[in-house]
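Note that this is a predicted model, so its numbers are computed, not measured. We use all heavy atoms of the structure for the numbers below, so side chains are in, but hydrogens, waters and symmetry mates are not.
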Amino acid sequence: MDKLDSLLDDIRAFVRERDWEQFHDPKNLAMAVASEAGELCAELRWVPSADADAWCRDPARRERVADEVADVLITTLMLADRAGLDVAAVVRAKLAKNRAKYPAERVRGRAG
């Protein structure tokens with residue numbers, strides 16, 4: 001079993017122990033991903049871009065950012081699982097699309 005499968009098993013067990021599957025339809029999970037992403041954004045709101053790396057390395061801030069990143073990932077993994085998506089496969093497929101859309105030789109060093 002790979003690490004992602006083990007992680008999904010842990011998440012499924014956590015949800016099952018609380019009888020929360022009934023609330024985790026794809027629509028609710030998608031909204032939860034957006035909500036959790038908003039909480040992550042709130043942690044960095046108003047931090048100047050030049051200071052963001054150092055800000056995230058501060059131990060107290062790092063823990064809050066880590067918690068929000070974990071919440072985003074947990075809900076995203078729950079949504080993918082509920083939708084029957086193979087996370088590794090869809091990420092690799094999207095990377096392939098992005099490689100074609102944004103060839104390194106054309107976009108290297110450019111923000112957009």
Can you confirm whether [X] sits close enough to [Y] that some side-chain heavy atom of one is under 4.5 Å from a side-chain heavy atom of the other?
X	Y	result
Asn28	Met31	yes
Glu17	Val15	no
Val65	Val69	yes

Output yes when a side-chain donor or acceptor of [X] lies under 3.5 Å from a complementary backbone atom of [Y], and no otherwise.
X	Y	value
Arg61	Arg57	no
Thr76	Val72	yes
Asp71	Glu36	no

Show the numbers, then the answer: is there a side-chain contact (heavy atoms from CB on, under 4.5 Å) between Leu85 and Leu79? CA-CA 9 Å; Leu85 300 173; Leu79 173 58; over 6 Å; no
Minimum heavy-atom distance Cys56-Leu44, with the two atoms named: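 Closest approach of Cys56 to Leu44: SG-CD2, 3.6 Å.
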Closest approach of Pro103 and Ala100, non-hydrogen atoms and distance?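 So the minimum-distance heavy-atom pair works out to CD-O, 3.7 Å.
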Nearest 0.5 Å please: distance from the [atom1] atom of [X] over to the [atom2] atom of [Y].
X	Y	atom1	atom2	result
Ser35	Leu40	OG	CG	11.5 Å
Ile11	His24	CD1	NE2	11.0 Å
Asp58	Asp51	CG	CG	12.0 Å
Trp55	Glu43	CH2	CD	5.0 Å
Asp9	Asp81	CG	CG	9.0 Å
Leu4	Asp86	CG	CG	8.0 Å

In the single-linkage hydrophobic clustering (I, L, V, M, F, W, Y; side-chain heavy atoms under 4.5 Å), do Leu73 and Trp20 co-cluster?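 In one cluster with Leu73: Trp20, no.
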Do Ile74 and Val87 sit in one hydrophobic cluster, given that two such residues count as connected whenever their side-chain heavy atoms are within less than 4.5 Å of each other, even indirectly?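 Per the 4.5 Å side-chain linkage, Ile74 and Val87 are co-clustered.
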Arg82/Asp25 salt bridge by N-O under 4.0 Å criterion: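 Looking at Asp25 and Arg82, the cut-off is not met.
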For Arg64, is there an ion pair with Asp67 - N to carboxylate O distance below 4.0 angstrom?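 Salt bridge absent between Asp67 and Arg64.
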Answer yes or no on whether Arg18 is positioned over the face of Phe14, meaning its NZ or CZ is under 6.0 Å from the six-membered ring centre and within 45° of the axis.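 The answer is yes; both the distance and angle limits are met.
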So does [X] have more than 12 non-hydrogen atoms from other groups sitting under 6.0 Å from [atom1]?
X	atom1	value
Glu63	CD	no
Arg106	CZ	yes
Arg12	CZ	yes

